[in-house]
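Note on naming: letters A, B, ... go to the chains in the order of the sequence lines (proteins, then strands), and numbering restarts at 1 for each one. Everything numeric here is computed off the predicted structure, so don't read it as measured data.
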Amino acid sequence: MAALMVASGCAKEETEQKQSLQGTNLMRSQTSGTAKGTKLDQGPAERAADYLRRREDIRDVVVVNSGDRLLVAYQIPHMQRWNRKKIEKDVEGRLRDMFPGYKVISSSDLKIFWKTQQLKTKMDNKRLDQREVNREIGRIEKLSKEQT
Amino acid sequence: MLTMFFWAFVVGGLICVIGQILMDVFKLTPAHTLTILVVTGAILDGLGLYEPLIDFAGAGATIPITSFGNSLVHGAMQEAEKHGIVGVLTGMFEVTSVGISAAIVFGFIGALLFRPKG
Amino acid sequence: MANEKRKNLTPVQQEYHLFEKERETKRPIVRNCARAFLVGGIICTIGQAISYFYMYFFDFTEQTAGNPTVATMVFLSMILTGLGVYDRIAQFAGAGSAVPVTGFGNAVISAAIEHRTEGFVLGVGSNMFKLAGSVILFGTFAAFVIALIKTIAIQWGGL
Amino acid sequence: MLKGHRTWVFANKPVIVATAVVGGPFEANGRLADDFDFLHEDLWLGEDSYEKAHRVLFEEAAFQAMEKAGLEKEKVQFLIAGDLINQMTPTSFAARTLGAPYLGVFGACSTSMEGLALSAFITNYGGADYILTGASSHNTAVEKQFRYPTEYGGQKPPTAQWTVTGAGVAIVSPKGDGPRVTAATIGRVVDMGMTDPFNMGGAMAPAAVDTIEAHLRDMQIDASHYDLIVTGDLGRIGRQVSLDLLRQHGIDIDEERYQDCGLLIYRDGQPVLSGASGAACSAVVIYGHLLKRMRRGELKRILAVATGALLSPLSFQQNETIPCIAHAVAIEYGGEA
């Protein structure tokens with residue numbers, strides 16, 4: 001019984017990993033991780049995304065910037081989640097150094113990731129102006145600060 | 001996301017196996033077993049080991065009773081950072097209150113709605 | 001502990017203990033552990049699904065989704081306990097259903113239901129925590145001691 | 001008349017003129033369902049607490065036994081009975097209903113034979129014309145008191161036993177027709193230092209062995225004197241342990257003729273783990289099933305050994321060991337009366 005479970009467990013993991021890989025591919029093919037279609041300049045966002053994508057301990061990245069705000073959401077590969085706090089700290093520090101003039105908001109939280117992704121899609125399609133984007137970023141920032 | 005489900009299953013299951021071993025091998029009552037697990041959770045958080053486990057296994061670490069001890073320590077530490085040593089006492093139930101209040105509320109509703117079936 | 005107890009026994013009693021042990025039905029530890037793993041794992045997976053549900057449809061983050069998840073699990077535990085199903089699951093699952101927070105809920109709720117015949121104040125009110133009380137007591141006290149030590153260490157040790 | 005150290009021999013051989021047994025839903029699915037007078041579908045018996053249901057079980061059995069014996073309520077001169085609940089309230093409240101002079105006896109699960117032995121003694125010496133004796137237990141009421149709330153998910157180990165919901169009652173008289181009580185051996189408390197409340201059979205087995213040995217010695221007879229020696233509620237483990245213990249002590253018992261009420265009452269496959277237990281277990285099986293078999297002539301002489309564990313939840317929590325007791329009653333039917 002135990003052996004059977006272990007076996008099925010392994011099988012499950014394999015398919016899962018495949019699926020999650022497919023997921024990432026899809027996400028990347030869909031968009032470049034930044035909102036290029038918007039009228040706002042997404043240069044800093046693209047640079048941040050480029051940097052994060054090169055890191056091995058980061059899987060998916062979505063970045064949005066507006067005014068002096070840089071909202072960075074990313075996902076950590078599952079096996080690296082043990083070091084999540086350390087990675088978060090590290091990423092935050094690096095981004096601060098890279099963008100001294102910006103107020104950096106970064107999070108590895110899945111909900112923040114989804115929210116940022118949504119915002120980015122909206123910016124692509126609806127051409128939001130800076131005020132609207134700022135308001136949305138503020139909302140996401142507040143959510144990310146919430147403690148249990 | 002699916003990986004998360006897998007690890008929640010494995011880690012949660014393993015914590016339950018530890019409980020089963022305490023009950024079967026050491027012949028402890030369920031009350032003793034759960035008490036030991038709660039205290040263990042508190043100690044692990046004191047050592048800074050429980051948060052990474054939650055990051056890794058999600059509900060596999062938050063659903064077992066060990067997380068109860070973890071969040072008690074967590075609440076106490078959060079307040080202690082703000083208010084110093086007094087915060088240890090005042091912050092204790094800050095994070096955990098939901099488990100207890102849910103159990104109290106639903107316990108009472110249960111008593112209103114149900115009779116023991118035997 | 002068992003050894004300590006055994007010391008107080010007379011030789012006749014000790015001999016009988018061994019005699020009885022030989023004929024006692026052994027607890028199927030491996031089977032119980034496998035079942036505890038399976039059921040405990042499933043309950044945690046359900047918990048994971050519920051927390052994703054709260055994250056997806058409401059404004060909860062990974063951090064904050066824990067609270068509504070626990071409340072929901074305790075609610076489910078109430079329904080299963082009230083319908084007389086939870087104790088059946090537990091006979092199969094052992095620690096698999098006792099260790100998750102649903103087991104904590106079950107301990108509170110089963111005691112509350114059991115003592116409703118003694119009235120809501122004297123029965124339900126005073127018996128609700130007769131099983132779960134020890135978990136709260138020792139959890140809280142251990143947390144107090146640990147947080148105290150840690151705080152002192154941080155303040156004076158500069159850790 | 002006292003014979004040996006602790007055995008009474010009843011020269012007048014008091015008669016069990018009538019018996020009645022009542023059971024719950026779990027017993028209705030059991031092996032002995034046909035031997036019950038009443039079986040209840042609902043554990044609550046229409047009452048609003050399990051303790052009240054417990055009381056009703058005993059009342060029903062008592063009234064049914066009186067009806068079978070053709071007795072008015074007033075004809076029953078004494079009531080000797082007991083149960084497992086704190087201060088024996090269910091039996092005492094039933095005694096309030098019945099109105100008979102009442103002696104409450106507590107021998108845990110050995111209450112049935114304790115009551116029968118006392119009743120036989122009193123009637124044998126002209127103390128009464130009719131005595132009603134019996135024992136009852138209610139699964140959930142007993143679980144609630146001794147273990148956990150019934151809906152609590154605590155896994156029971158394979159050594160645990162299932163408390164019988166039911167009541168068994170007998171009316172004993174110096175005259176009449178029916179199985180006769182010929183002798184009784186009173187048990188002493190035996191404590192082998194067992195502490196596991198989920199292994200009653202293992203704790204009680206030495207008490208049963210002690211009483212059986214004493215009975216055979218006092219009566220100067222062999223185990224083969226009886227067609228059947230039946231223990232109260234030792235369960236699977238207790239039966240095996242006591243059987244081996246008896247053999248170790250040089251008492252040769254035919255395995256077929258050594259049964260346990262806790263194993264007779266339920267079917268294989270019912271989730272009772274090691275077997276049945278509870279004050280009603282021996283009462284129901286002996287007064288219902290076994291006496292019927294005696295009346296059918298399948299059994300001539302039996303020795304009924306009801307076993308009891310004299311613990312309380314308090315004593316267990318205070319790390320006390322489990323003291324145990326067993327009382328034996330010899331019953332005969334047919335042949336020379």
Side-chain angles (χ1 to χ4, degrees), chain B residues 1 4-5 8-17 19-25 27 30-31 33-35 37-39 42-43 45-46 58-60 62-65 68-69 72-73 76-77 80 84-85 88-89 92 98-100 102-104 106-111 113-118, chain C residues 27 29 32-33 36-45 47-49 51-52 66-67 69-71 73-75 78 81-84 94-96 98-101 103-105 108-109 112-114 116 120 124 128 131-132 134-136 138-140 142-144 146-152 155:
Chain B
M1 228 167 109
M4 193 55 134
F5 279 115
F9 181 86
V10 171
V11 172
L14 285 177
I15 294 175
C16 292
V17 169
Q20 188 73 44
I21 288 171
L22 287 172
M23 268 162 39
D24 274 359
V25 179
K27 299 261 167 90
T33 307
L34 296 183
T35 305
L37 287 175
V38 165
V39 174
I43 294 171
D45 192 52
T62 56
I63 295 295
I65 200 77
F68 195 74
L72 281 165
V73 174
M77 289 310 295
I85 226 141
V88 171
L89 208 56
M92 199 99 72
V98 61
I100 297 174
I104 292 175
F106 291 132
F108 188 65
I109 295 174
L113 293 179
F114 298 109
R115 299 204 298 179
K117 292 276 188 300
Chain C
R27 298 188 189 205
I29 294 175
N32 279 353
C33 284
F37 181 77
L38 187 71
V39 176
I42 289 172
I43 291 176
C44 291
T45 313
Q48 189 67 50
S51 72
Y52 275 143
N67 279 347
T69 305
V70 165
M73 296 295 276
V74 173
F75 175 77
M78 174 191 87
T81 306
L83 296 177
V99 171
V101 73
F104 177 79
V108 174
I109 294 156
I113 295 177
E114 180 89 351
R116 67 172 273 170
F120 285 111
V124 177
M128 194 177 232
L131 288 165
S134 58
V135 169
I136 298 178
F138 286 99
T140 309
F144 174 73
I146 289 162
L148 201 64
I149 292 170
K150 227 180 153 182
T151 311
I152 291 172
Q155 284 190 345

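- Among Ala132(C), Gly105(C), Gly96(C), the residue making the largest number of heavy-atom pairs under 4.5 Å with chain B is Gly96(C).
- Between the side chain of Arg116(C) and the backbone N or O of Gly110(B), no donor-acceptor pair lies under 3.5 Å.
- For a residue to count as touching a neighbouring chain, one of its non-hydrogen atoms must lie under 4.5 Å from one of that chain's; by this rule Leu22(B) does not touch chain C.
- How far CG of Asn32(C) is from SG of Cys16(B): 13.0 Å, rounded to the nearest 0.5 Å.
- If you tally non-hydrogen atom pairs under 4.5 Å between each of Leu131(C), Val101(C), Val135(C) and chain B, the highest count goes to Val135(C).
- Residue Val99(C) touches chain B through both its backbone and its side chain, counting heavy-atom pairs closer than 4.5 Å.
- Looking at Met92(B), only its side chain comes within 4.5 Å of chain C, counting heavy atoms on both sides.
- Counting heavy-atom pairs under 4.5 Å between each of Val124(C), Val39(C), Leu148(C), Ile43(C) and chain B puts Leu148(C) at the top.
- Scanning both residues, Ala8(B) and Gln48(C), for their nearest heavy atoms gives CB-OE1, 3.8 Å.
- Most heavy-atom pairs under 4.5 Å with chain C, from the set Gly19(B), Gly46(B), Ala31(B): that is Gly46(B).
- For Leu34(B), the parts sitting under 4.5 Å from any heavy atom of chain C are the backbone and the side chain alike.
- Proximity to chain B involves both the backbone and the side chain of Ala49(C), based on heavy atoms less than 4.5 angstrom apart.
- With sequence neighbours left out, the side chain to side chain contact (heavy atoms under 4.5 Å, CB included) criterion links Ile21(B) to Val17(B), Val25(B), Phe26(B), Cys33(C).
- By number of non-hydrogen pairs under 4.5 angstrom with chain B, the leading residue of Ala98(C), Ala143(C), Gly40(C) is Ala143(C).
- Between Phe9(B) and Phe37(C), the two ring planes are perpendicular [angle over 60°; tilted spans 30° to 60°].
- For Ile146(C), the part sitting under 4.5 Å from any heavy atom of chain B is the side chain, from C-beta outward, and nothing else.
- Only the side chain of Met128(C) comes within contact range of chain B, with heavy atoms under 4.5 Å apart.
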Side chain to side chain contact (heavy atoms under 4.5 Å, CB included) assessment of Val88(B) paired with Lys150(C): CA-CA 10 Å; Val88(B) 171; Lys150(C) 227 180 153 182; over 6 Å; no

Given side chain to side chain contact (heavy atoms under 4.5 Å, CB included), test Leu37(B) with Phe68(B) step by step and report yes or no. CA-CA 9 Å; Leu37(B) 287 175; Phe68(B) 195 74; over 6 Å; no

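- Using a 4.5 Å cut-off between heavy atoms, Val70(C) contacts chain B through its side chain alone, with no backbone atom that close.
- The candidate from Ala142(C), Pro100(C), Ala112(C) with the greatest count of non-hydrogen atom pairs under 4.5 Å with chain B is Pro100(C).
- Ranking Ile149(C), Ile109(C), Thr140(C), Ile29(C) against chain B, the residue ahead of the rest is Thr140(C), based on heavy-atom pairs under 4.5 Å.
- Of all heavy-atom pairs spanning Thr69(C) and Ser51(C), the tightest one is OG1-CB, 3.2 Å.
- Scored by the ring-ring contact (aromatic ring centres under 6.0 Å, His included) test, Tyr52(C) finds Phe5(B) as partners (sequence neighbours excluded).
- The heavy-atom pair separating Pro116(B) from Glu114(C) by the smallest distance is CB-OE1, 3.9 Å.
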